[in-house]
Amino acid sequence: GVRLVGSEMCIRDRAWSAPTPTSYCTAVANSTGLAGVLSVTGSTRIQDDNLTVTASQLPPGEFAFFIVAHNQGFVMGPGGSQGNICLSGALGRYNGQVGQVDSFGTFTRTLSISSVPVNPPISVQIGETWNFQAWYRDQNPGTVSNFTQGLAVTFAP
């Protein structure tokens, strides 16, 4: 089994695997008439450093990037956004991976978990849960921004 000793996770008899990522917080519909949805593929194993995050049901051609925080939160319409930010505390932004939503309304990136872009950048630790969202531009009807729902991801060794 797995037990917590101080701040370390001890694994006995078998490998520990992380639980399935969990959606939380409500996303607001964008100009497509749908709310943006976040999902992960790849690996939640720290040693793989291969977490692929996909936002779907976004407006094609708009810019997007991913944000991350250790804590969940809720702020309705931050800075004039039409969506809700579902993160709190030290917020990390994957600014170096800003890109355009494809013609199918999806935006996908493989995100580093060995250098999470909070200030200062840190590595994800075994058993930690980090929370992700996509932040994207929309024309609804004027230029605004919006967010997907939040997604909590726990990492395994």
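Computed from a predicted model, the values in this text were never measured in an experiment. Note that the numbering runs from 1 along the sequence shown for the chain. All values below come from the heavy atoms of this structure, side chains included, with hydrogens, waters and symmetry mates left out.
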Task: Test log, rule side-chain contact (heavy atoms from CB on, under 4.5 Å), inputs Leu51 and Trp130 - done: CA-CA 12 Å; Leu51 183 71; Trp130 283 82; over 6 Å; no
TODO: Could you walk me through whether Val40 and Val153 pass the side-chain contact (heavy atoms from CB on, under 4.5 Å) test, one step at a time?
DONE: CA-CA 9 Å; Val40 296; Val153 180; 4.2 Å; yes
TODO: In sequence, state the C-alpha distance, the side-chain angles, and the governing distance for Thr110 and Thr52, and then conclude on side-chain hydrogen bond (donor to acceptor under 3.5 Å, both in side chains).
DONE: CA-CA 4 Å; Thr110 299; Thr52 301; 3.1 Å; yes
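Nearest approach of Gly105 to Pro60, heavy atoms of both residues: N-CG, 4.2 Å. Taking both residues in full, the closest heavy atoms of Tyr24 and Ala152 are given as CE2-N, 3.8 Å, listed atom of the first, atom of the second, then distance. For Ala69 against Leu87, the heavy-atom pair with the smallest separation is CB-CB, 3.7 Å.
A distance of 11.0 Å separates OG1 of Thr32 from CD of Glu62, quoted to the nearest 0.5 Å. With rounding to the nearest 0.5 Å, the separation of CD in Gln100 from CG in Leu58 is 12.0 Å. Rounding to the nearest 0.5 angstrom, the gap separating the CG atom in Asn71 from the OG1 atom in Thr129 is 11.0 Å. Note that CD of Gln149 is 8.0 Å distant from CD of Gln133, once rounded to the nearest 0.5 Å.
Inter-residue side-chain proximity for Leu111 and Phe132 is flagged as met; some heavy-atom pair is nearer than 4.5 Å.
If you check the side chains of Gln82 and Asp138, you find no donor sitting under 3.5 Å from an acceptor.
Cluster annotation: Val28 and Leu34 are assigned to distinct hydrophobic clusters (Ile/Leu/Val/Met/Phe/Trp/Tyr, side-chain heavy-atom contacts under 4.5 Å, transitive). Val118 and Leu91 fall into different hydrophobic clusters, where Ile, Leu, Val, Met, Phe, Trp and Tyr residues are linked whenever their side-chain heavy atoms come under 4.5 Å apart, directly or through other members. A continuous path of Ile, Leu, Val, Met, Phe, Trp and Tyr side chains, each step under 4.5 Å between heavy atoms, connects Ile85 with Phe63, placing both in one hydrophobic cluster.
Screening residues 45-104 for disulfide bond (SG atoms under 2.5 Å apart), with sequence neighbours left out, gives Cys25-Cys86. Residue pairs meeting the disulfide bond (SG atoms under 2.5 Å apart) criterion with at least one member in residues 88-125: none, sequence neighbours excluded.
Side chain of Asn131 to backbone of Gly150: no donor-acceptor contact under 3.5 angstrom is found. A donor-acceptor contact shorter than 3.5 Å links the side chain of Ser88 to the backbone of Gln72. A donor-acceptor contact shorter than 3.5 Å links the side chain of Ser81 to the backbone of Ser145.
Each of Asn84, Asn30, Asn140 was compared with Asn146 under the side-chain contact (heavy atoms from CB on, under 4.5 Å) criterion, and only Asn30 meets it. Of the candidates Val116, Val53, Ile67, Tyr94 forms a side-chain contact (heavy atoms from CB on, under 4.5 Å) with just one, namely Val116. In summary, of the residues considered (Tyr136, Phe65, Trp135, Phe66), a ring-ring contact (aromatic ring centres under 6.0 Å, His included) with Phe107 occurs for Phe66 alone. Considering Ser43, Ser114, Ser115 as possible partners of Asp49, the one that fulfils the side-chain hydrogen bond (donor to acceptor under 3.5 Å, both in side chains) test is Ser114.
Contacts of Asp48 classified as salt bridge (Lys or Arg N to Asp or Glu O under 4.0 Å), with partners at least two apart in sequence or in another chain: Arg45.
Counting non-hydrogen atoms of other residues, nucleotides and ligands closer than 6.0 Å to CZ of Arg109 gives a total above 12.
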